[in-house]
Amino acid sequence: MTRQVDDIPSHMELRAGGTLLAIECERGARPHILYAGPDMPRATAREIALLATRQHAPGTPAIHLRGSLMNEIGTGISGASGLTGHRDGRDWAVDLRVSALDLFGANALSIHCEDANTGIATRHHFALDPETGLLTSSTEIENRDDRPFDLDWCAALCLPFDPRLTRFLSFTGKWANEFQIEEVPAFQGSIVRENKAGRTSHDMFPGGILAAPNTGEMHGLSCGFHLARSGNHRLRVDRHSDGRGFVQMGELFFPGEMQLAKGERYRTPELLIAWSNDGLNGVSHAFHDHLRDEVLDPRTRSKPRPVHFNTWEAVYFNHDEATLIELAEAAAEVGAERFVLDDGWFGSRRNDTAGLGDWWVSKDVYPNGLHPIVDRVRELGMEFGLWFEPEMVNPDSDQYRAHPDWVLNANGVEPVPSRNQLTLDLTKPQVSDYLFERIDSLVSDYAIDYIKWDMNRDTHHPGSEGRAVMHGQTHALYELLGRIRSAHPTLEIESCSSGGGRADFGILRHTDRIWTSDNNDARARQSIQRGASHFFPLRVLGSHVGPKRCHITGRRFSMAFRVASAVFGHMGMELDLRRENESDLGVLKAGIALYKQHRELIQSGRFWRCDSAPHTNLIGCVSRDQGEALFSYAVLDTEVSTLPQPIRFAGLDPETSYRIRMVWPQHNPSISTPSIIDAADLQGEGTVVSGSALMGHGIQPPLTFPDTCLFYHLKACE
Ligand code: GLA
């Protein structure tokens with residue numbers, strides 16, 4: 001229920017889910033965040049305002065510079081302003097003052113501001129998720145003047161952060177090595193990350209985590225933030241000489257891209273922010289639960305994530321009906337539940353140089369259409385999925401020959417070549433309509449259950465009719481996805497972009513799964529998935545068992561390790577099953593059975609990253625009632641000491657006793673005896689240990705070769 005407040009209070013608190021947001025919002029003054037972070041029970045905004053009063057420092061302005069939600073130019077705040085724009089070089093000093101306040105129930109509010117001088121008005125939206133305490137914020141700007149306003153930059157918010165948060169953890173990487181954490185220790189000045197890729201990107205994830213010096217996975221203060229958008233963005237973290245710091249995130253515009261005519265509005269993407277006093281896991285828990293409950297389609301929430309078989313690394317472009325049917329049969333035999341036909345089924349697409357954009361089943365390759373394969377897949381009890389790359393076109397395609405003007409361009413600047421393809425201009429209704437018609441009719445004809453929606457190049461020239469339109473292109477993409485989902489309510493869609501190049505909460509409002517990385521190297525996947533888990537829950541992270549010799553890194557791994565590295569995610573496989581020997585197929589089948597047995601726990605349990613030795617990866621899922629848990633412990637390099645350190649689990653009930661068993665690999669992995677396995681019978685009946693000892697002392701893992709992954713299953717005893 002919305003309520004406009006007549007007597008605007010000078011101070012306001014929003015308090016929910018363990019978060020406190022305290023704002024100063026006096027009518028006619030600049031609105032200002034006094035505090036945003038873990039709740040301080042009973043603290044009021046008014047008393048925080050008092051405590052925040054600072055003395056005058058020599059050589060600084062005569063008043064205390066308070067800043068504002070946008071830190072506009074005239075506030076005197078030294079760092080970057082959150083809002084910049086002008087009218088022909090004038091009206092550049094916007095000064096926003098509170099004019100109204102809306103309350104939406106107990107957990108959300110909007111502050112209206114106006115500036116009579118420039119004719120600019122804003123609304124600043126804040127909502128606290130009552131379950132997780134995650135704050136969603138965005139800013140809306142309106143031009144009330146007759147003359148157009150050129151908006152150069154509008155942050156969702158200038159978020160002040162606790163000065164104790166001196167470390168910045170950023171998420172960077174590249175194709176086939178996404179979600180790598182790069183830590184920037186204490187710094188003065190600014191960190192700026194700008195993404196112009198036209199997609200979320202592999203190297204500039206739109207988000208980061210600020211942490212205190214002593215913060216780890218389990219302890220300490222941290223603040224995670226993420227911009228829910230799949231286009232260009234800017235992230236900046238500014239630390240000022242007066243000790244204050246601000247985070248800003250928003251869309252990155254090309255010159256002149258965002259011009260507001262009279263009465264026009266622009267709303268920033270949502271900035272999602274979560275705080276924790278209990279380490280990085282606390283931040284992740286808020287993002288995971290918020291995504292599950294507020295962002296994902298409810299159908300995905302309740303449906304167990306089916307095991308995939310994807311054809312890409314099995315056959316690449318060499319499509320052939322008989323081979324694919326043989327693969328479908330082999331996949332069903334080991335436990336696949338969904339068969340996804342990847343690139344190469346349409347037009348003249350026999351390699352990546354031609355045919356993209358011609359979304360008709362190739363008559364040369366499939367004279368009977370896809371029906372024989374789809375029918376067989378269904379007979380085998382699997383769902384059917386199909387690959388598309390709708391936003392792209394090969395110049396060597398019927399589509400491009402018929403409509404060369406359908407691609408984005410920059411006023412005749414020669415396009416940068418990339419994977420032999422160009423980006424279509426989705427802001428043109430005829431382009432989006434064409435794509436909708438093609439996808440809609442194929443989904444209907446074959447009753448397709450799942451689309452792998454790919455996007456395989458950066459967009460360097462996002463122009464249409466002479467103007468930059470990356471903002472409009474991202475919106476048009478969301479609209480197209482929304483249209484397809486409305487027409488096919490049970491269809492699921494995966495967001496792939498050369499692997500994990502389009503992974504964000506904006507795209508996940510319209511899709512159901514992320515293809516985490518093209519890299520199926522089991523060892524690399526341990527770190528890629530651990531990185532991604534800071535924001536994304538396992539249920540959306542596609543993780544596949546790849547071929548014995550990884551096609552991207554050339555490394556070889558045992559089937560037991562490949563399987564184990566794919567279980568903690570949305571499991572699938574992507575390999576030529578005809579080349580695997582009987583014994584490895586048996587291991588694969590057993591691993592898939594293990595995933596199915598525990599998938600409810602993996603997908604709905606509480607996920608924990610544990611602190612463990614640097615050459616290891618210990619992660620786990622604990623049921624919400626703490627009655628059951630599954631932990632994955634991967635050894636990724638040779639031990640530093642003669643024996644491994646004990647591993648300490650997390651998230652268990654200290655008062656409960658658990659029967660702990662090692663349920664993977666199938667055989668004793670110890671390379672030395674006697675071991676904990678023999679002493680505690682972990683591969684037999686298991687042993688009963690208290691939650692407090694398992695977390696406080698930990699268990700001695702066996703000495704193993706590197707590239708071994710063990711699963712421990714824990715069940716509460718009556
Ligand atoms: C991208 C995807 C792969 C595969 C190929 C097909 O690289 O990330 O998974 O679908 O395209 O061309």
Side-chain angles (χ1 to χ4, degrees), residues 173-179 197-203 230 308-319 324 327 331 338-359 361-362 365 384-397 417-424 439 448 450-459 492-504 507 511-521 524-525 528-529 532 540-547 550-553 566 569-576:
K174 59 165 191 160
W175 170 73
N177 201 23
E178 297 84 342
F179 300 110
R199 51 176 164 173
T200 318
S201 87
H202 294 85
D203 53 336
S230 321
H308 280 203
F309 177 85
N310 184 287
T311 61
W312 182 238
E313 292 203 1
V315 297
Y316 291 103
F317 289 105
N318 302 321
H319 286 214
L324 289 163
L327 283 169
R338 183 182 273 163
F339 182 89
V340 182
L341 187 62
D342 211 288
D343 197 356
W345 56 268
F346 51 91
S348 57
R349 184 79 167 173
R350 303 294 80 78
N351 54 51
D352 67 11
T353 63
L356 200 57
D358 297 337
W359 301 112
V361 177
S362 163
V365 183
F384 182 74
L386 195 60
W387 181 94
F388 287 89
E389 195 179 354
E391 296 145 84
M392 295 289 160
V393 68
N394 284 131
D396 183 2
S397 66
S418 190
R419 214 191 185 205
N420 314 298
Q421 59 193 58
L422 298 170
T423 313
L424 286 171
I439 296 169
I448 291 171
Y450 182 85
I451 286 178
K452 176 176 174 180
W453 187 296
D454 212 338
M455 198 278 205
N456 283 317
R457 68 158 293 167
D458 287 349
T459 298
E492 286 184 36
I493 304 179
E494 172 178 62
S495 171
C496 172
S497 186
S498 320
R502 193 151 64 192
D504 61 82
I507 201 75
T511 56
D512 307 276
R513 184 194 208 236
I514 287 163
W515 180 224
T516 318
S517 178
D518 276 354
N519 191 350
N520 290 319
D521 173 305
R525 272 300 184 123
I528 293 171
Q529 288 165 201
V540 299
L541 295 177
S543 56
H544 291 178
V545 177
C550 173
H551 293 181
I552 304 253
T553 63
H570 179 175
M571 190 181 190
M573 60 197 128
E574 187 162 338
L575 71 173
D576 187 348

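Side chains included, hydrogens not; waters and symmetry mates left out as well; all remaining heavy atoms used. Counting convention: from 1, in listed order, for ligands and their atoms alike.
Annotation for Met392 and Thr423: closest pair CE-OG1, 3.6 Å, computed over non-hydrogen atoms. Contact record, Glu494 with Lys452: OE1-CG, 3.0 Å, taken as the closest heavy-atom pair. Across every non-hydrogen atom of Ala314 and Leu327, the tightest pair is CB-CD1, 4.0 Å.
For ligand 1 and Trp515, the ligand atoms under 4.0 Å from any heavy atom of the residue are 8 (O), 9 (O). Atoms of ligand 1 found under 4.0 Å from any heavy atom of Lys452 (numbered from 1 in listed order, with element): 3 (C), 4 (C), 9 (O), 10 (O). Close approach of ligand 1 to Cys496 (heavy-atom distance below 4.0 Å) involves ligand atoms 2 (C), 8 (O). Set against the non-hydrogen atoms of Asn456, the atoms of ligand 1 under 4.0 Å away are 1 (C), 7 (O), 11 (O).
Of the candidates Val340, Asp343, Asp342, the one placing a heavy atom closest to atom 4 (C) of ligand 1 is Asp342.
The pair Glu391-Arg502 counts as a salt bridge, with a side-chain nitrogen and a carboxylate oxygen less than 4.0 angstrom apart.
Protein heavy atom nearest atom 7 (O) of ligand 1, with residue, atom name and distance: Asp518 OD2, 3.0 Å. At the top of the distance list for atom 1 (C) of ligand 1, counting protein heavy atoms only, stands Asp454 OD2, 3.1 Å.
Two residues are said to be in side-chain contact when any heavy atoms from C-beta on lie closer than 4.5 Å; Ile552 and Trp175 meet this criterion. Put simply, the side chain of Ser230 reaches to within 4.5 Å of the side chain of Asp504, judged on heavy atoms.
Under 4.0 Å from ligand 1, the heavy atoms of Ser498 that appear belong solely to its backbone. No part of Asn310 comes within 4.0 Å of ligand 1, judged by heavy-atom distances. Under 4.0 Å from ligand 1, not a single heavy atom of Glu494 appears.
Considering backbone and side-chain N/O atoms, Arg349 never comes within less than 3.5 Å of an N/O atom of ligand 1. For Ser497, no nitrogen or oxygen atom sits less than 3.5 Å from a nitrogen or oxygen atom of ligand 1, counting backbone and side chain alike.
Using bins of under 30°, 30° to 60° and over 60° for the plane-to-plane angle, the ring pair Trp387/Phe346 lands in the parallel bin. Between His308 and Tyr450, the ring planes lie perpendicular to each other; the angle is over 60°, past the 30° to 60° tilted range.
In this structure, Glu313 does not count as a contact residue of ligand 1, since none of its heavy atoms falls inside 4.0 Å of the ligand.
Exactly one of Arg199, Arg419, Arg457 qualifies for a side-chain hydrogen bond (donor to acceptor under 3.5 Å, both in side chains) with Ser498. That residue is Arg199.
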